[in-house]
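Note that ligands are numbered from 1 as they come in the structure, with each ligand's atoms numbered from 1 the same way. This one's a predicted model, so the numbers in the text were calculated from it and none came from an experiment.
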Amino acid sequence: MSQRPDDTAAATGEFLHDVLLDPARHTPDHPAVVEPAATGAPTVTTYAELTATVNAHAATLRALELAPGTRVLLEAELGAESIAVLLACSRAGLTFVPVSPETPPDRLRTLIDTARPALHVRAATGERTDLPATLGTARFGDGELTVERAPAATARRRHVPCVADPAYIVFTSGTTGRPKGVVMSHRAVTAFYRGMLAHRIAAPGDRVAGTSPLHFDFSLLTLGLALGSGAALVPVPQRLVRWPRHFLRALRDTNATQVTGVPSVWRQVLRHEADRLSELAHLRGVLFCGEEFPLPELRRLQELRPGMRIVNCYGATESMAATFEDVPEPLPADLERLSIGHAHPGAELLLRDGDGALVDAPGTPGEMLLRSPALFSGYWDDPEATRAALVPDPLCPESGQVVLRTGDLAVRGEKGELYFLGRTDSQVQINGNRVELGEVERRLTGHPAVTAAAALRLPLPDGGGCLAAFVVTDPSGGARQPSRPGAAEAAPGEDIAATLRDFCARTLPGYMVPAELRVVDALPVTGNGKVDREALAASVAGPA
Ligand SMILES: Nc1ncnc2c1ncn2[C@@H]1O[C@H](COS(=O)(=O)NC(=O)C[C@H](N)c2ccccc2)[C@@H](O)[C@H]1O
């Protein structure tokens, strides 16, 4: 009988836990997770402690004799304990499905019916009830993973975990209301981590604060950025992210050196806690993703933190992300839009125009297609949607290789760098004219009195649609220097809506001047922290 090959990562390829626990081999006593405490010192978990807990949980999971690839529903906030559970799933060959503890019962039931997990895992303090009797249940806490109701053992057709197996499935709110499960294999996630780590954004000794909830894959990017770099993750609970003063105190108390998050996590901090932000001693980097960072807010962030590295991270859940581009410091006064740079090492972004022809010339817009080893396996139980997203490589369709249709428009600059133009579906028709909503938003934030803006097509009772815009204004009423020479100042007391419509009319065609323009205190955000345009449209529609 030949000797079984040594089943190290070298032989099997890297699993998620191989990459994230690797620092335990060299720096076991370094902090892996630093959790802010309501009062007193943060809670520190070292790499050795994390690894020991992962191994103990993995033994508990293996004892359930579930086949590789079986799903485990993980209902938790991001923290050392939930990270130990998800890494134990990885070590036991199981697929974790992160869900928010705030998930309504009906949606949780839909996710269970869709993903068919064998086990539901929640914190010891979790209050979830009415789980199906067929579903195994377990709780984690104080370093323990306790199975309350053992799952029915699956008919084991498999015995060997494989890096092509799903590491996790992230369910996003599909446009049709049916949850869309993005299936990410170990091979895809670890390939993405290797591409991201090549940008050297974090290093051992860093403390990377994450502000996204566990069920949003941005948290998994941050986990890989921190632990893959041998740094420590600082998971900031949602209850603190929502309050600027508490958010900054958590960053201060944990000596956070980097912060990742969607742009909106900074909005209230910039408006209400500018001084405390400028006083943070250790903060030296910010990474944002998910949507464009309004330039006035970015300028303000740079003013308050001179010399800080700010990384614009673009990408979709279907590949976790794709590009990491440093924001120029300071932002040029005449900058129209940020670059998203080039795909991370090992990946490539192509542009394809409306006729399907590949475009490379600077200035020619096209839809981005992503070639990458980090592409998702497909949408769970939805082969049609998968075929629409993973399309034959336009350069060699015979090969069977596929690329990801991002659904995003971009244009190349003179050096081949890419500029995000918006979603292909954010091109709306206003009275027969095509309008790129991002262009209207960028014009509005070019006015000194505006710090953030959102534009949308507002359906009208007659079936048509008008262009509406919602702006957040600078409390000092435009005291900032005009973002570009000639920008109109908002005269005190003057109707800001009329001023802004006139400001748009100077450079945009009439159909791109918002017919409806409202000033709001804040832009509403979705559960993932992105601007919630549906809520804005509803605010205008209002009660009939
Ligand atoms: N830096 C950007 N500028 C501008 N538009 C953007 C940008 N990053 C995304 N987007 C937009 O957001 C879409 C992806 O939305 S998503 O599928 O819900 N996923 C996310 O937003 C999070 C995403 N998985 C992620 C996780 C971790 C790091 C980076 C990105 C992209 O297709 C873009 O339209």
For residues 340-366, please give each side-chain donor-acceptor pair under 3.5 Å, one per line with the distance, not counting sequence neighbours.
from   : atom 1 : to     : atom 2 : distance (Å)
Asp353 : OD1    : Asp355 : N      : 2.9
Asp353 : OD1    : Gly356 : N      : 3.0
Asp353 : OD1    : Ala357 : N      : 2.9

Identify whether the distance between the nearest side-chain nitrogen and carboxylate oxygen of [X] and [Y] falls below 4.0 Å.
X: Arg405; Y: Glu367; answer: yes
X: Arg207; Y: Glu35; answer: no
X: Arg284; Y: Asp206; answer: yes
X: Glu384; Y: Arg387; answer: no

Minimum side-chain heavy-atom gap Val525-Val262 below 4.5 Å: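 They are not in side-chain contact.
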Taking only heavy atoms of the protein into account, state which residues are under 4.0 angstrom from an atom of ligand 1, in chain and number order.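 Ligand 1 pocket, heavy atoms under 4.0 Å: Phe216, Asp217, Phe218, Leu221, Cys289, Gly290, Glu291, Glu292, Asn312, Cys313, Tyr314, Gly315, Ala316, Thr317, Met320, Ala321, Asp408, Phe420, Arg423, Lys530.
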